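Scope of the values below: all heavy atoms of this structure, side chains included, with no hydrogens, waters or symmetry mates. Remember, it's a predicted structure, so these values are computed and weren't measured experimentally.
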Amino acid sequence: MNTVRGFKDIIYPESFKISEIERISREVFEIFNYKEIRIPTVEYQELFIKSTGETTDIVEKEMYKFEDASKRILALRPEGTPGVARAYINNNLNIKGENTKYFYIGNMFRAERPQAGRFREFEQIGVEYIGTNSAFSDAEVIIMLDTILKKIGIKSYQIEINSIGCFECRKKYREVLIENLKKLELCDLCKQRIERNPLRVLDCKIDKEKFSSIPSIHLCGNCQDHHKTLKELLTKSNVDYKENKLLVRGLDYYTRTVFEFKTAELGSQDAIAAGGRYDDLIKSMGGPNSPSVGWAMGAERILMLCEKENISFKNKPLCFVITADQKYSEYAFELLSSLRNSGIKSDFSSFHQSLKSQMRSANSNGARYALIIGEEEFISNTVTIKDLSTGEQSKKEKDNLIKELLKII
RNA sequence: GUGGUUGUAGCUCAACUGGUUAGAGCAUCCGGUUGUGGCCCGGAAGGUUGCGGGUUCGAGUCCCGUCAGCCACCCCA
């Protein structure tokens with residue numbers, strides 16, 4: 001039987017690479033003092049309608065929704081922010097006196113037509129910095145994301161930022177925008193969008209060139225200051241970004257800062273991570289006034305970029321234990337256990353195979369050393385160690401061998 | 001979701017207008033005299049041609065359906 005369309009198995013080495021991406025992210029989160037939050041995979045459908053937005057594609061056409069046995073209308077989470085916002089409110093995280101910087105790692109579900117780099121179940125690694133409207137928090141999360149990608153070793157991406165203003169700026173701009181858009185000859189979809197969600201029209205790839213005449217949003221003083229501060233902070237931190245006045249986002253809750261980390265290596269799936277500020281979301285959900293900023297990155301897309309850029313993740317044993325004669329299998333197995341108990345990554349293939357075959361396994365597994373045990377070694381209580389890169393080999397006493405190997409690690 | 005396109009061994013691909021037991025390279029496994037990998041050489045194993053119907057004396061090849069992948073759009077991570 002096939003897997004369901006858009007769903008897939010992830011097997012070594014991809015599984016290892018993804019967990020490395022997670023590991024590196026966790027390392028950075030720890031350095032930045034972000035705490036993990038784990039939220040449910042299933043929520044009431046209403047949560048996403050009210051937060052992500054009724055008119056967004058994610059909610060309108062891509063959500064996996066279903067009714068459970070008690071007739072509750074539920075949905076598989078299409079993104080992480082609504083759940084985190086809900087958890088923040090439910091658990092009164094605003095009054096706990098701890099910092100409210102969270103990261104999450106989890107799978108999301110969207111019923112889109114699948115393509116390379118676009119799956120119906122995919123993993124997002126994301127952060128939410130809740131409770132401050134300071135531009136320093138925008139800068140922090142962007143710098144953190146940049147740090148993670150650099151630490152992974154990815155180079156082929158570009159950062160685009162924009163400010164779409166606060167609620168007040170948007171309200172005024174909306175009118176100006178609609179007026180201007182109506183003067184233009186636009187594609188059918190854009191025509192529909194003019195009334196429903198005019199800001200999204202600016203994102204259209206077909207009509208892109210026609211928007212040069214349209215005035216960009218006029219930001220109020222506070223929004224201008226915020227955006228200016230953010231840009232200065234990024235520049236001072238050597239974050240290489242470019243401003244894209246046409247950048248808007250498909251989720252309704254964004255205010256002020258929006259940003260995307262884009263790549264040219266992945267075809268249409270060019271966003272590897274994206275996010276922005278959402279100052280009104282938590283309040284609009286009935287929580288305290290909690291301006292916030294966050295982002296999410298797609299683990300599979302990061303993985304694909306790693307492959308494009310030939311970034312290697314190594315998971316190789318240091319030692320490979322080999323018997324010259326089956327008689328010494330148990331003795332060899334004991335050695336293997338001692339190595340592992342000492343924390344030395346070690347493996348073996350099958351002691352029944354010929355020495356030649358075992359050597360071949362050692363090589364193809366990428367082991368650095370072959371440890372050979374045969375009659376000579378058994379009698380003298382030693383182990384032959386062969387360095388597989390140089391071909392040099394010597395006999396060592398078992399205890400000394402382990403001590404020396406521990407120094408190498 | 002719209003429009004395309006593809007599906008043959010683990011992977012990448014072959015098989016003239018439908019015509020015997022569907023091939024190759026890479027990978028895998030075994031071997032190339034006494035206890036040594038990579039390179040090289042030899043051999044073996046590996047396929048219900050995505051699945052289900054249909055046309056035909058005969059289907060990997062043609063037709064229909066279905067499933068899945070991919071590309072663009074759309075959207076997004």
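The CZ atom of A/Arg360 sits 11 Å away from the C1' atom of B/C41 (whole-angstrom rounding). Per the geometry, CD belonging to A/Glu376 stands 11 Å off P belonging to B/U36, to the nearest Å. Between A/Met304 atom CE and B/C76 atom P there is a gap of 19 Å when expressed in whole angstrom units. Here B/A77 presents its P atom at 13 Å from CD of A/Glu300, a figure rounded to the nearest Å. Atom P of nucleotide B/G69 and atom CZ of A/Phe119 are separated by 10 Å, given to the nearest angstrom. One can place NZ of A/Lys8 at 18 Å from C1' of B/C67, the figure rounded to the nearest angstrom. If you take NZ of A/Lys316 and C1' of B/G38, they are 13 Å apart, rounded to a whole angstrom.
For B/C51, its base never sits under 3.5 Å from the side chain of A/Asn2 at any donor and acceptor pair. Counting atom types as modelled, A/Lys356 pairs no side-chain N or O with a base atom of B/U36 as donor and acceptor under 3.5 Å. Side-chain atoms of A/Asn363 and base atoms of B/G38 include no donor and acceptor less than 3.5 Å apart. For B/U36, the base has no donor-acceptor partner in the side chain of A/Gln358 [N/O atoms by modelled type, under 3.5 angstrom]. Residue A/Arg113 places no side-chain atom within donor-acceptor reach of the base of B/C73, judged by atom type and a 3.5 Å distance cut-off alone. One can find a donor-acceptor pair under 3.5 Å joining the base of B/C74 and the side-chain atoms of A/Arg118.
The side chain of A/Ile372 approaches B/U36 more closely than any other nucleotide in the set B/C76, B/C74, B/U36. Comparing atom distances between the A/Arg110 side chain and each of B/C74, B/G69, B/A77 picks out B/A77 as nearest. Among the nucleotides B/U36, B/G69, B/A77, the one closest to the side chain of A/Arg5 is B/G69. Across B/A77, B/C74, B/G35, the shortest atom-to-atom separation from the side chain of A/Lys61 is found for B/C74.
Applying the Watson-Crick and G-U wobble criteria (two distances, each under 3.5 Å), B/G42 pairs with B/C30. Remark: B/U36 base-pairs with no nucleotide; criterion is Watson-Crick or G-U wobble with both hydrogen-bond distances under 3.5 Å. B/U48 makes up no base pair with any nucleotide shown, lacking Watson-Crick or G-U wobble contacts both under 3.5 Å. Base pairing annotation: B/G3 forms a Watson-Crick or G-U wobble pair with B/C71, both donor-acceptor distances under 3.5 Å. Base pairing annotation: B/C13 forms a Watson-Crick or G-U wobble pair with B/G23, both donor-acceptor distances under 3.5 Å.
Among the protein residues, A/Glu377 comes within range of the nucleic acid bases, having at least one heavy atom under 4.0 Å from a base atom.
Side-chain N/O atoms of A/Ser268 include none lying less than 4.0 angstrom from OP1 or OP2 on B/C74. The shortest distance between the side-chain N/O atoms of A/Gln115 and the OP1/OP2 oxygens of B/A72 is below 4.0 Å.
The environment of CG in A/Asp240 is sparse: at most 12 heavy-atom neighbours from other residues, nucleotides or ligands sit within 6.0 Å.
Below 30°, between 30° and 60°, or above 60°: for A/Tyr12 and A/Phe16 the angle between ring planes is between 30° and 60°, a tilted geometry. Taking the six-membered ring for Trp and thresholds of 30 and 60 degrees, A/Phe29 and A/Phe103 have nearly parallel ring planes, at less than 30 degrees apart.
At a cut-off of 3.5 Å, with distance as the only test, no side-chain donor of A/Thr132 or A/Ser134 sits close to an acceptor on the other residue.
Judged by closest nucleotide on RNA chain B, A/Lys386 is the one of A/Lys386 and A/Ala274 placed further toward the 5' end.
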Would A/Arg110 and A/Glu112 count as a salt bridge (Lys or Arg N to Asp or Glu O under 4.0 Å) if you check the C-alpha gap in whole Å, the side-chain angles of each, and the deciding distance to 0.1 Å? CA-CA 6 Å; A/Arg110 291 181 200 175; A/Glu112 300 174 275; 5.1 Å; no

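Checked against A/Lys101 for a salt bridge (Lys or Arg N to Asp or Glu O under 4.0 Å), the options A/Glu36, A/Glu30, A/Glu140 give a single hit: A/Glu140.
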